[in-house]
Amino acid sequence: MSDKTMKIVLSVLTVILLALIAFLFVTKGTVKTNLNKVALRIGELRQYRTMNRADVNNYMENAFARIGYDVVSVTEDNLYPSTAEDAGVNIYVRGYNPLSELKTNKKAVNVVYLRDFDSLYEEEMKTFDGIATSSRDFYDYAISAGYAAAYVPEFTNPSVFYPAPRADLERNLLYVGDNDRASPAMAAALEAKLPVEIYGRFWIGNIDDGYAKGEYISDADLGAYFSSAKINLVNISAHESEIGIIPSRVFDIAASKGFMIAPYNKEVEAVFGDSIPMFKNADELKALYNKYINNPQARAEKAEKAYRIAVTEYNADAFAQRINGLVEFLIDEKKL
């Protein structure tokens, strides 16, 4: 072999060796993503998520598993464990505050689920491939702004919230909710001087204490309370009504086959129709109370209609399927 040929061979081998070294350097420490594995990265501590409601995390985990995913569920205290490193689908369930640490995998699908219109800032939105939201107004905005988005309402757990009326829990007007934000429902009820019985924190000392009956009802009993009350007064904030959010509590009461009256909310009206009577002021609330308090047949008919809607269309399986529709779209878009 001539010297010239030898130099050419050595040059080619050097290039190949350098390319191999570069490849090994780039791929060192990388993990191949598995599109059949989903990581639920929940931006709240598990104990917070389960403090006042059923174990929402576990309910979501099971729903995604029924789709066929290998599911890893993690919370704010450890959002990025090694067990979730190869997840090809990452679903960030955002709390009311930004995630303490936000890392996304460009070789995977990264979707954020949020309920509040104002809680996700523009720069944070750009981090994700897709946005799922329980606010129809926010969904409309995201689509118009060019984001891949899905409207995904909240849900109930029919294995926790189901019809279980008890005579000893019957009362005319029940309100379950803390006094931690302005409540149009409670403001109207107090103005109308209705006989509302309240279960929640921070009421005593801030209103006539005679209305407050307790600070807490366990999940195991909530369905029975909702089922047994003649009328449930729903806690919906003005902010939720303004931007088209249906609080999960509406679905919980409906799944318990409890009759309810709510402050006007355009999305409640769109989903439940006339099965949930709504009011805009104290006079309208008082009129609805007087109309239904002595009409058990009308209450039962509306509660039955709302029940059918909630348990068939707004459970965790429906929630997971709606988000998965966005995930499948993004897998195609990213050509994964």
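All residue numbers refer to positions in the sequence shown, counting from 1. Since this is a predicted model, take the numbers as computed values, not measurements.
A 6.0 Å sphere centred on NZ of K334 holds more than 12 heavy atoms belonging to other residues, nucleotides or ligands. With a 6.0 Å radius and a threshold of 12 heavy atoms from other residues, nucleotides or ligands, K286 has its NZ atom at or below the threshold.
Not a single ring-ring contact (aromatic ring centres under 6.0 Å, His included) links F279 to another residue, sequence neighbours left out. Looking at residues two or more places apart in sequence or on another chain, you find a ring-ring contact (aromatic ring centres under 6.0 Å, His included) between Y59 and F155. Taking the ring-ring contact (aromatic ring centres under 6.0 Å, His included) definition, one finds that Y92 meets it with F128, sequence neighbours left out. A318 meets the side chain to side chain contact (heavy atoms under 4.5 Å, CB included) test with N315, R322; sequence neighbours excluded. Under the rule for a ring-ring contact (aromatic ring centres under 6.0 Å, His included), the partners of F251 that lie at least two apart in sequence or sit in another chain are F272, Y314.
Across all their heavy atoms, V72 and T83 have their closest contact at CG2-O, 3.7 Å. When all heavy atoms of A84 and R41 are compared, the closest pair comes out as O-NH2, 3.1 Å. The two atoms that bring I217 and V176 nearest to each other are CD1-CG2, 4.2 Å, heavy atoms only. Here the shortest heavy-atom pairing between N78 and P81 reads O-CD, 3.5 Å. Nearest heavy-atom pair, L99 versus L102, reported as atom, atom and distance to 0.1 Å: CD1-CD1, 3.7 Å. Minimum interatomic distance between V71 and E61 (heavy atoms only, all atoms of both residues): CG2-O, 3.7 Å.
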Item to complete: List the steps, then state whether side-chain contact (heavy atoms from CB on, under 4.5 Å) holds for E215 with F202.
Response: CA-CA 8 Å; E215 291 193 343; F202 317 127; over 6 Å; no
Fill in: I91/V38 under side-chain contact (heavy atoms from CB on, under 4.5 Å): CA gap, chis, key distance, verdict
CA-CA 7 Å; I91 298 172; V38 62; 3.7 Å; yes
Worksheet item: Run the side-chain contact (heavy atoms from CB on, under 4.5 Å) check on E313 and V271 step by step: do they pass?
Response: CA-CA 10 Å; E313 299 179 40; V271 169; 6.0 Å; no
Worksheet entry | E240/R249 under salt bridge (charged side-chain N to carboxylate O under 4.0 Å, His left out): CA gap, chis, key distance, verdict | CA-CA 12 Å; E240 290 167 332; R249 191 60 82 202; over 6 Å; no
Practice prompt. Before giving the answer on side-chain contact (heavy atoms from CB on, under 4.5 Å), spell out for N90 and T104 the whole-Å C-alpha distance, their side-chain angles and the decisive distance to 0.1 Å.
Written response: CA-CA 8 Å; N90 295 282; T104 55; over 6 Å; no
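Judged by distance alone, with hydrogens and angles left aside, the side-chain atoms of K302 form a donor-acceptor pair with the main-chain N or O of D274 at under 3.5 Å. The closest donor-acceptor contact from the side chain of N34 to the backbone of A87 lies at 3.5 Å or more, if one exists at all. A donor-acceptor pair under 3.5 Å is absent between the side-chain atoms of K230 and the main chain of L173, judged by distance alone. Judged purely by atom type and a 3.5 angstrom limit, S134 has no side-chain atom pairing as donor or acceptor with the backbone of E154. With N157 contributing its side chain and A316 its backbone, the two residues share no donor-acceptor pair below 3.5 Å. Of the possible polar contacts, none joining the T33 side chain to the G88 backbone as a donor-acceptor pair under 3.5 Å is found.
No cation-pi contact links R299 to Y292, judged by a cut-off of 6.0 Å to the six-membered ring centre and 45° from its axis.
Residues D252 and L222 have side chains not in contact (no heavy-atom distance under 4.5 Å, counting atoms from C-beta outward). In this structure, the side chains of I204 and D209 come closer than 4.5 Å at one or more pairs of heavy atoms. In this structure the side chain of T127 never reaches within 4.5 angstrom of the side chain of N110, judged on heavy atoms. A 4.5 Å side-chain heavy-atom check between I246 and P153 finds every atom pair outside the cut-off. Counting heavy atoms from C-beta on, the side chains of N206 and W203 never come closer than 4.5 Å. With a 4.5 Å cut-off on side-chain heavy atoms, K103 and L79 do not count as touching. Using a 4.5 Å cut-off on side-chain heavy atoms (C-beta onward), N235 and R181 make contact. Within the 4.5 Å cutoff, the side chain of E124 has heavy atoms near those of the R94 side chain.
The distance from atom CZ of R201 to atom OH of Y216, rounded to the nearest 0.5 Å, is 10.5 Å. Rounded to the nearest 0.5 Å, atoms CZ (F259) and CD1 (I276) are 9.5 Å apart. Atom CD of E170 is separated from atom OG of S227 by 12.0 Å, given to the nearest 0.5 angstrom. Atom-to-atom distance recorded for T133:OG1 and I131:CD1 is 8.5 Å, nearest 0.5 angstrom. For the atom pair CD (E242) and OG (S237), the distance works out to 9.0 Å, reported to the nearest 0.5 Å. In this structure, D317 CG and N62 CG are separated by 9.0 Å, a value rounded to the nearest 0.5 Å.
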Kindly list each side-chain donor-acceptor pair under 3.5 angstrom involving residues 185-199, sequence neighbours excluded, with atom names and distances?
unit_1: E197; atom_1: OE1; unit_2: R171; atom_2: NE; d: 2.9
unit_1: E197; atom_1: OE1; unit_2: R171; atom_2: NH2; d: 3.3
unit_1: Y199; atom_1: OH; unit_2: R171; atom_2: NH2; d: 3.2

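At a threshold of 4.5 Å between side-chain heavy atoms, the hydrophobic network of Ile, Leu, Val, Met, Phe, Trp and Tyr places F319 and V56 in one connected group. If you chain together hydrophobic residues whose side chains sit under 4.5 Å apart, I236 and L233 never meet in one group. Under the 4.5 Å side-chain heavy-atom criterion for Ile, Leu, Val, Met, Phe, Trp and Tyr, Y162 and L169 are members of distinct hydrophobic clusters. No chain of hydrophobic side-chain contacts below 4.5 Å, direct or via other Ile, Leu, Val, Met, Phe, Trp or Tyr residues, connects Y264 to Y289. By the criterion of side-chain heavy atoms lying less than 4.5 angstrom apart, applied directly or through intervening Ile, Leu, Val, Met, Phe, Trp or Tyr residues, M278 is grouped together with V250 in one hydrophobic cluster.
Taking the six-membered ring where tryptophan is involved, the planes of Y151 and Y139 are tilted, since the angle between them lies from 30° to 60°.
Side-chain contact of E328 with N324: a donor-acceptor pair under 3.5 Å is present, judged by distance alone.
A salt bridge links R308 to E304: one of the charged nitrogens lies within less than 4.0 Å of a carboxylate oxygen.
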